[in-house]
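Nothing here was measured: the structure is a model prediction, and the numbers come from that model. Chain letters run A, B, ... following the sequence lines, proteins first and then strands; every chain starts at 1.
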2 protein chains.
Amino acid sequence: MQYTKSNMANEYQPPILTVDSVLFALVDDALHVLLIRRAAEPFKSQWALPGGYNASGETTRQAMDRILQRKAGIAAQDLQLVEQLYTFDTVARDPRGHAVSVTYMGLARKLSPQGNAHAQSPQLFPVHALPSLAYDHADIIRYAHNRLRAKLTYTNAVFALLPELFSLTQLQKAYEAILDRPLDKRNFRKKFLALNLAEPTTHQLKEGAHRPAQLYRFKRQELQELERSFD
Amino acid sequence: MQYTKSNMANEYQPPILTVDSVLFALVDDALHVLLIRRAAEPFKSQWALPGGYNASGETTRQAMDRILQRKAGIAAQDLQLVEQLYTFDTVARDPRGHAVSVTYMGLARKLSPQGNAHAQSPQLFPVHALPSLAYDHADIIRYAHNRLRAKLTYTNAVFALLPELFSLTQLQKAYEAILDRPLDKRNFRKKFLALNLAEPTTHQLKEGAHRPAQLYRFKRQELQELERSFD
DNA sequence: ACAAAAGTGTTAAGAATACACCCATGT
DNA sequence: ACATGGGTGTATTCTTAACACTTTTGT
């Protein structure tokens, strides 16, 4: 930050600043990402992350909230956890000109996107079956997924993807979906309970011709690091 | 990235984009950061991170290299490892107007900064004895230090701070300086050697009235994750 | 009674921690 | 010979990993 007044007034032309969001949610025990179908060129009618420009005077987080509301009908409080990821800045990423994009990851319990004039049919896609994507958005999603995997192992971030009351089986399936490998049931439960992040409730989940599951609740709904990293 | 042509042409005014760098190096077994004394307002003659504006058409990494060269006489290849940290974007962080700053961490074996017209006396300060800083640069350094601590535990990032040939004592001191706590000598050596990242050389370090130290060399000079995290 | 998912313990191997003395060198 | 930092091993505790059967419910 050492540009001078003259730079600001004359020579200096900043790149365009944009914000793109990767919203994750679990649907049927599989990790999904929210995509919208682009209404305009470039990449018209291709699938893309919800994103938009960031004007002077608003923070990137404010821009994110505004854009998600307008383009997907999603409110800031639908996201249990939001984290800035990375700033993508290669000159060629937008065919119209240099656009630097600050990216965010948002985790939600449930997403009910709404279509509108700006973007028809926002829709959730399984991360393992994504359509072809506009811009460098496939890279951004890959980056976000890696970050999520890492966060899951050393923080309590799962809380943001599960309902308030959850069974240990639901929890394990969430981990398996994101880490993309099977976990041992007994070891998983022993380890998770030892971390002491969740407490049993008086509720049970009855959902079929089998023994009902004990429901647990996270003691804290804020991000915290784990004493010992998970898996 | 959904702004329209009309936004680009008329209404849309992006914030200024800047890049700030946190360069770390070890001096006398203590972690140091490179700071420059600001030549102009605002914060004139206060210490600050080397930074500058990012023009349209250059990547933030290119801007970083250009700025470090111009303001501190440091070349890109003096940095063994560079990593993007975070993008700071609060509206009030620059008194002249909204400036969004993409920040980088750079690790060097040795820094020999050069003063010049743009910034007198770039200088290394111990992270535990920083002067008062311009802007939100104290926050940025704290963020970088946390990231460095984390990187040290799950990657081989130390290689970027040590000379090509190093003794296990030097290595341990580097860890102690950054993690800011003492480590057990025998356990440290056992664990580090088990990771198999370094190999002994035929060289020794003689530097006083005591037994000379075996010198090691990292097998790879690229960042890699450790199988088991360190400490 | 049977199908379906919930729930539960033990053993063995590996990793982390705590801890104290001898070694090689220069002066 | 002494001061200085370099180098080494073992015992204990904790953590991880592997593994299979019983329980509770709905139909």
Side-chain angles (χ1 to χ4, degrees), chain A residues 26 28-30 152-154 162-163 165-177 179-217 225-231, chain B residues 26 28-30 149 152-156 158 162-163 165-177 179-217 225-231:
Chain A
L26 292 168
D28 297 336
D29 300 321
L152 230 51
T153 72
Y154 68 90
L162 291 175
L165 299 182
F166 59 92
S167 70
L168 295 180
T169 299
Q170 279 177 285
L171 178 72
Q172 184 178 340
K173 283 181 173 168
Y175 269 92
E176 290 177 333
L179 302 180
D180 213 8
R181 64 191 157 93
L183 301 173
D184 178 88
K185 183 158 68 158
R186 280 173 289 189
N187 293 338
F188 178 83
R189 288 170 181 234
K190 199 186 326 167
K191 189 157 181 186
F192 181 78
L193 293 174
L195 289 173
N196 205 31
L197 296 171
E199 57 197 4
T201 65
T202 57
H203 300 84
Q204 291 192 324
L205 177 63
K206 304 199 184 200
E207 53 159 11
H210 57 82
R211 180 169 175 177
Q214 174 66 247
L215 289 174
Y216 289 76
R217 185 203 328 270
E225 297 218 346
L226 306 182
E227 303 159 21
R228 278 182 303 286
S229 83
F230 208 84
D231 298 326
Chain B
L26 291 168
D28 296 335
D29 301 321
R149 251 192 294 266
L152 230 50
T153 73
Y154 69 91
T155 73
N156 66 345
V158 230
L162 291 175
L165 298 183
F166 59 91
S167 70
L168 294 180
T169 299
Q170 279 177 285
L171 178 72
Q172 184 177 341
K173 282 181 173 169
Y175 268 92
E176 290 177 333
L179 302 180
D180 212 8
R181 64 192 157 91
L183 300 173
D184 179 87
K185 182 158 67 159
R186 281 173 288 189
N187 294 337
F188 178 83
R189 288 171 180 234
K190 198 187 326 167
K191 188 158 181 184
F192 181 79
L193 293 174
L195 289 173
N196 204 31
L197 297 171
E199 58 197 3
T201 66
T202 57
H203 300 84
Q204 290 191 323
L205 177 62
K206 304 199 184 202
E207 54 157 9
H210 57 81
R211 180 170 175 178
Q214 174 65 246
L215 289 174
Y216 289 76
R217 184 203 327 272
E225 297 218 347
L226 306 182
E227 302 159 21
R228 278 181 304 285
S229 83
F230 208 84
D231 298 328

Once you round it to whole Å, what is the distance between [atom2] of [N] and [atom1] of [X]?
X: A/Asp184; N: D/dT16; atom1: CG; atom2: P; value: 13 Å
X: A/Leu183; N: D/dT16; atom1: CG; atom2: P; value: 13 Å
X: B/Leu205; N: C/dA24; atom1: CG; atom2: P; value: 17 Å
X: B/Glu227; N: C/dG14; atom1: CD; atom2: C1'; value: 14 Å
X: A/Leu195; N: D/dT15; atom1: CG; atom2: C1'; value: 12 Å
X: A/Gln172; N: C/dT8; atom1: CD; atom2: C1'; value: 14 Å
X: A/Asn187; N: C/dT11; atom1: CG; atom2: P; value: 15 Å
X: B/Arg228; N: D/dT15; atom1: CZ; atom2: C1'; value: 13 Å

Would you indicate what B/Lys190 reaches in the nucleic acid, counting non-hydrogen atoms under 4.0 angstrom: base, sugar-phosphate, or nothing?
base

Using atom types as modelled, flag every donor-acceptor pair under 3.5 Å from a side chain in residues 192-214 of chain A to any protein atom, sequence neighbours excluded.
| from | atom 1 | to | atom 2 | distance (Å) |
| --- | --- | --- | --- | --- |
| A/Asn196 | OD1 | A/Lys219 | NZ | 3.0 |
| A/Thr201 | OG1 | A/His203 | N | 3.1 |
| A/Thr201 | OG1 | A/Leu215 | O | 2.8 |

Does B/Lys173 NZ have over 12 foreign heavy atoms under 6.0 Å away?
no

Spell out, as yes or no, whether a donor-acceptor pair under 3.5 Å connects the side chain of A/Gln172 to the backbone of A/Arg189.
no

Do A/Tyr175 side-chain atoms and A/Leu152 backbone N/O form a donor-acceptor pair below 3.5 Å?
yes

Assign a letter to each nucleotide of nucleotides 1-8 of chain D from its 5' end: B, base within under 4.0 Å of a protein heavy atom; S, sugar-phosphate only; -, no contact.
--BBBBBB

Would you name the heavy atoms of A/Asn187 and A/Asp184 that are closest together and state the gap between them?
N-OD2, 2.8 Å

B/Tyr154 ring center near A/Tyr154 ring center (under 6.0 Å)
no

